[in-house]
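The next block holds one structure in the form of structure tokens; read it before the comments.
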Amino acid sequence: MSGKEHRIEQESVDVSLEELYQRYRKYSFAIAYRMLGTVTDAEDVVQDCFVELKNKPLDDIHNPKAYVAKMTMNRCLNLLNSARKQRETYVGQWLPEPLGESAELPADWLERKDMISYAFLVLLEQLKPIERAVFVLREAFQYDYKDIAELLGKTESNCRQLFSRSRRILSSGESALEAQSSRNMNNSSRIKLLERFTTAFLAYDVTAMLELLAEQPVFVSDGGGNVHTVMRPMVVRKGVLALLTSRRVLTVLRERDVFHTVINGEVQLAFLEDGKVRETLCLRLTPDGEHIQSFYLMVNPDKLRYIHIGQKKQHAIKSNHQNSKNLESR
């Protein structure tokens, strides 16, 4: 884990509810979004927390930040435990809701520095709710084990065990964990790779696509039962290659205008029709940044509400892809 451990410091409570809301709403949302993976649910958690504060004497709260964190975590854990049954009946694969840089969120919920990469968010789905809570507080917010134990009502020893178990579970996605702290260091190289992928994808270029794929790539798509898409994850290199170069699958993507856009703090791909985002494709790269390890395709319209690309940016980027789109029409 990078950085110093963070302790929840005692602070004055001689502030109004509005001041507490302005000070901690982003903090509460950052926790909730990492825990739940959906923007709407995270927003609801934040609102519920401050509604509770409205009905509670502020003089009874000795540490507002810790109190907000505990309220947020408790609501998230309750939602995650109840969501397990809902996700068992979810049509196809469930992926987190992507969050765009220009998303029109109330009061700019997340600053750019608070963004969590999409691949990292996907990895967190492997954890049980309490494991996820410990991991998020420790890894994302650098809390020490004493404060985590107090927030979650666990012992320090138990929290250490939960964090170690979480790290072991997520070990297969170590590159995504590393990328979370260094993702902005080589943005130009990432854009060049995205350009190469887009060109190969639009041209059905098997050779070029093969050069881009990692040894064991993964392709996952989420349509939520609303849009027809690939229902099961593709985990074999030959299968992923066939999927991405087939003239019968994913054809609608090649009919769209393709743009770069920042999703969860990283440059990714958005597919637009008449100026509206219809699909997004988030890529997780190998540690060396030379190949594509994972493809996460979001086609569920209910999870694309916070991805927007302005008209000026659309025109600026569109010309960069025109040559690639022309390859398909030849």
Side-chain angles (χ1 to χ4, degrees), residues 2-3 96 98-102 110-123 139-140 170-220 237 240-241 243-245 250 253-254 256-272 277 279-298 307 309-310 313-327:
S2 61
L99 182 57
E101 184 181 44
S102 59
L110 277 181
E111 297 175 357
R112 176 141 189 196
K113 65 182 178 62
D114 295 322
M115 282 288 190
I116 176 174
S117 76
Y118 193 77
F120 189 88
L121 202 57
V122 173
L123 284 176
E139 186 75 17
L170 300 179
S171 60
S172 62
E174 197 66 30
S175 63
L177 301 183
E178 293 172 357
Q180 179 64 21
S181 60
S182 61
R183 62 189 177 203
N184 295 322
M185 293 179 62
N186 201 9
N187 215 29
S188 60
S189 295
R190 181 181 181 89
I191 291 175
K192 288 179 181 178
L193 187 143
L194 288 174
E195 291 284 358
R196 289 173 58 200
F197 168 78
T198 303
T199 300
F201 178 70
L202 294 178
Y204 306 93
D205 192 330
V206 175
T207 301
M209 187 66 73
L210 189 60
E211 293 176 353
L212 289 168
L213 296 181
E215 288 300 318
Q216 294 181 311
V218 176
F219 184 99
V220 184
R237 194 167 191 240
V240 173
L241 176 64
L243 185 68
L244 293 171
T245 57
L250 305 179
L253 298 184
R254 295 180 174 87
R256 310 290 197 209
D257 292 317
V258 190
F259 300 102
H260 295 153
T261 189
V262 176
I263 296 177
N264 290 82
E266 292 181 319
V267 181
Q268 304 286 6
L269 296 174
F271 298 83
L272 277 67
V277 177
E279 301 90 10
T280 59
L281 183 61
C282 294
L283 309 182
R284 170 188 157 201
L285 307 186
T286 53
D288 61 10
E290 297 294 326
H291 300 88
I292 304 172
Q293 184 65 59
S294 304
F295 299 83
Y296 303 113
L297 177 64
M298 179 58 67
I307 307 293
I309 300 178
K313 193 170 183 181
Q314 286 183 31
H315 292 303
I317 299 174
K318 187 172 183 177
S319 60
N320 294 333
H321 290 281
Q322 195 61 48
N323 290 336
S324 296
K325 290 198 72 178
N326 288 340
L327 289 174

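Basis for what follows: all heavy atoms, side chains included, without hydrogens, waters or symmetry-related copies.
- Minimum interatomic distance between V267 and R190 (heavy atoms only, all atoms of both residues): O-NE, 2.8 Å.
- Under a 3.5 Å cut-off, the side chain of R196 and the backbone N or O of L212 do not form any donor-acceptor pair.
- Remark: side-chain polar atoms of Q293 are not paired, donor with acceptor, to backbone N or O of V218 under 3.5 angstrom.
- Atom SG of C282 sits about 10.0 Å away from atom CG of L121, to the nearest 0.5 Å.
- The CG atom of L193 sits 7.5 Å away from the CD atom of E290 when rounded to the nearest 0.5 Å.
- Rounding to the nearest 0.5 Å places CG of L194 at 11.0 Å from OG of S189.
- Closest heavy-atom contact between P98 and T280: CG-OG1, 4.0 Å.
- I191 and H260 get closest at one heavy-atom pair: CG2-CE1, 3.6 Å.
- Atoms CZ and CG, from F197 and L244 in turn, are 5.0 Å apart once rounded to the nearest 0.5 Å.
- Side-chain atoms of L269 and V258, non-hydrogen and from C-beta on, do get closer than 4.5 Å to each other.
- For R237 (side chain) and L210 (main-chain N/O), a donor-acceptor pair under 3.5 Å exists by modelled atom type.
- Taking each heavy atom of E279 and L297 in turn, the nearest pair found is CB-CD1, 4.3 Å.
- Using bins of under 30°, 30° to 60° and over 60° for the plane-to-plane angle, the ring pair F201/F271 lands in the perpendicular bin.
- Under the 3.5 Å distance criterion, the side-chain polar atoms of Y118 are left unmatched by any main-chain donor or acceptor of R284.
- The shortest side-chain heavy-atom distance between L285 and I292 falls under the 4.5 Å cut-off.
- For the residue pair T261 and A270, the shortest heavy atom distance occurs at CG2-CB, 3.8 Å.
- The shortest non-hydrogen separation linking R254 to T245 is NH2-CA, 4.1 Å.
- A 4.5 Å side-chain heavy-atom check between F219 and L250 finds at least one atom pair inside the cut-off.
- The side-chain heavy atoms of L283 and Q268, taken from C-beta on, include a pair separated by under 4.5 Å.
- Residues F295 and L243 form no side-chain contact, since every pair of their non-hydrogen atoms from C-beta on lies 4.5 Å or further apart.
- For the pair V122 and V220, the minimum side-chain heavy-atom distance is 4.5 Å or more.
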